[in-house]
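Each remark here refers to the structure printed beneath this line.
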Amino acid sequence: MTSLLFGRDMLARTYRGTVLLVALALLLLAGACGSSKDELILATTTSTQDSGLLDVLVPQFEDQYDYNVKVIAVGSGEALAMGERGDADVLLVHSPGAEQDFMDAGDGINRQPVMHNDFVIVGPADDPAGVADASTAAGAFAAIAEAGAPFISRGDDSGTNARELQVWEAAGIDPAGQSWYEETGQGMGATLQVANQKNGYTLSDRATFLATQDSLDLEVLGEGDARLLNIYHVIQVNPDNFDDLNDQGAADFVGFMVASDTQATIGEFGVDDYGEPLFVPDAGKPEPGS
């Protein structure tokens, strides 16, 4: 009887040991498979994601280079803050003033122009504030304020939010606290939806508006002002500031974004769906508006 129990005990131990070895082997195999590509963290403005552009470009980059890209779409201000903290390897943003501060502080290197489009003032088709009659963006904003018409701001320290505040300043108006002024604290797509629901106005990058217009009752009512130029840059986070950045991956991504094939893709993006490109490629050209 004792020998039988002993035999069963040895068999059970052998079985458990075998299971543990198999589990360990599977874990090691999964780890090896998961680490076949290095992760690259891209912090970018929501417009590049909402427009669908990154759905095209990121797979192309991953096909060409041995990286898995983790995209974090936030406002440009938060993307730059992530770079300051070392929480991202590379940035794709559209807030030139804040970008220059980022570079001056030594937080970034290898800043390159990638593309541009423009901001547009959108609102309800009946245009109760008469925005379409204004000859400038500041005039359009002044008309909205005078009419007390709803204006929906992103309020998220994004490049779009920064430009909106610049236009209010040019109009000589501080909208903060006004009953007709609402901040969503959200990205462009969500802010457009709120403006649509409230029959209000907002400032949008053209790409996101075109990509979402089928679900909106809003129309472009103000455009073409030089203040509404919208320029995107790619920036590598300074690897001298942090030990754990994927600096090679970031450099590869910068190079990819300004490469001729990528620039051609950017220039064609949107033509099939909207009859016009959503972005104008800028690599190798003089800075737009300079």
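All values below come from the heavy atoms of this structure, side chains included, with hydrogens, waters and symmetry mates left out.
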Begin with the C-alpha distance, continue with both residues' side-chain angles, and end with the deciding distance and a verdict on side-chain contact (heavy atoms from CB on, under 4.5 Å) for L278 and I266. CA-CA 8 Å; L278 299 193; I266 290 171; over 6 Å; no
Nearest atoms (heavy-atom pairs only) where [X] meets [Y]:
| X | Y | result |
| --- | --- | --- |
| P239 | D247 | CB-CB, 3.6 Å |
| A134 | G139 | CB-C, 3.6 Å |
| P150 | K198 | CG-O, 3.9 Å |
| P175 | I173 | CD-O, 3.5 Å |
| I121 | A140 | CD1-CB, 3.6 Å |
| M82 | A43 | SD-CB, 3.9 Å |

Could you go through V254 and V234, starting from their C-alpha distance and side-chain angles, then the distance that decides it, and tell me whether this counts as side-chain contact (heavy atoms from CB on, under 4.5 Å)? CA-CA 6 Å; V254 171; V234 62; 3.9 Å; yes
Rounded at 0.5 Å granularity, tell me how far [atom1] in [X] sits from [atom2] in [Y].
| X | Y | atom1 | atom2 | result |
| --- | --- | --- | --- | --- |
| D50 | F209 | CG | CZ | 14.0 Å |
| E99 | I231 | CD | CD1 | 9.0 Å |
| F102 | R111 | CZ | CZ | 10.5 Å |
| D205 | T45 | CG | OG1 | 7.0 Å |
| N241 | L245 | CG | CG | 8.0 Å |
| F279 | E268 | CZ | CD | 14.5 Å |

Over 12 foreign heavy atoms within 6.0 Å of [atom1], [X]:
| X | atom1 | value |
| --- | --- | --- |
| D126 | CG | yes |
| D104 | CG | yes |
| E146 | CD | no |
| E169 | CD | no |
| K70 | NZ | no |

Would you say [X]'s side chain and [Y]'s backbone share a donor-acceptor pair under 3.5 angstrom?
| X | Y | answer |
| --- | --- | --- |
| T191 | G187 | yes |
| T265 | D261 | yes |
| S215 | T212 | yes |
| Y201 | A129 | yes |
| N246 | E39 | yes |
| D127 | A132 | yes |
| R163 | L229 | yes |
| E62 | V69 | yes |
| S76 | H94 | yes |
| D225 | L228 | no |

Going by atom types only, do [X] and [Y] share a side-chain donor-acceptor pair under 3.5 Å?
| X | Y | value |
| --- | --- | --- |
| D282 | H116 | yes |
| S47 | Y232 | yes |
| S153 | E164 | yes |
| Q112 | N110 | yes |
| S158 | N161 | no |
| N230 | N117 | yes |
| T46 | R154 | yes |

Joint hydrophobic cluster, [X] plus [Y], side-chain heavy atoms closer than 4.5 Å:
| X | Y | answer |
| --- | --- | --- |
| V271 | V280 | no |
| Y181 | V122 | no |
| I72 | L92 | no |
| L165 | L203 | yes |
| L53 | M257 | yes |

Between L216 and L192, does a side-chain contact (heavy atoms from CB on, under 4.5 Å) hold up when you go through it step by step? CA-CA 8 Å; L216 304 170; L192 281 164; 4.1 Å; yes
Ring centres under 6.0 angstrom apart ([X], [Y]):
| X | Y | value |
| --- | --- | --- |
| F256 | F61 | yes |
| F151 | W168 | yes |
| F253 | Y67 | no |

Among V90, V93, I109, find the residue that satisfies the side chain to side chain contact (heavy atoms under 4.5 Å, CB included) test when tested with I235. V93
Heavy atoms, side chains only, cut-off 4.5 Å: are [X] and [Y] in contact?
| X | Y | value |
| --- | --- | --- |
| M115 | Q263 | no |
| L210 | E276 | yes |
| N238 | D107 | no |
| T44 | L91 | no |

L57 vs Q60, test: side-chain contact (heavy atoms from CB on, under 4.5 Å). Steps then yes/no. CA-CA 5 Å; L57 295 185; Q60 290 181 0; 4.0 Å; yes
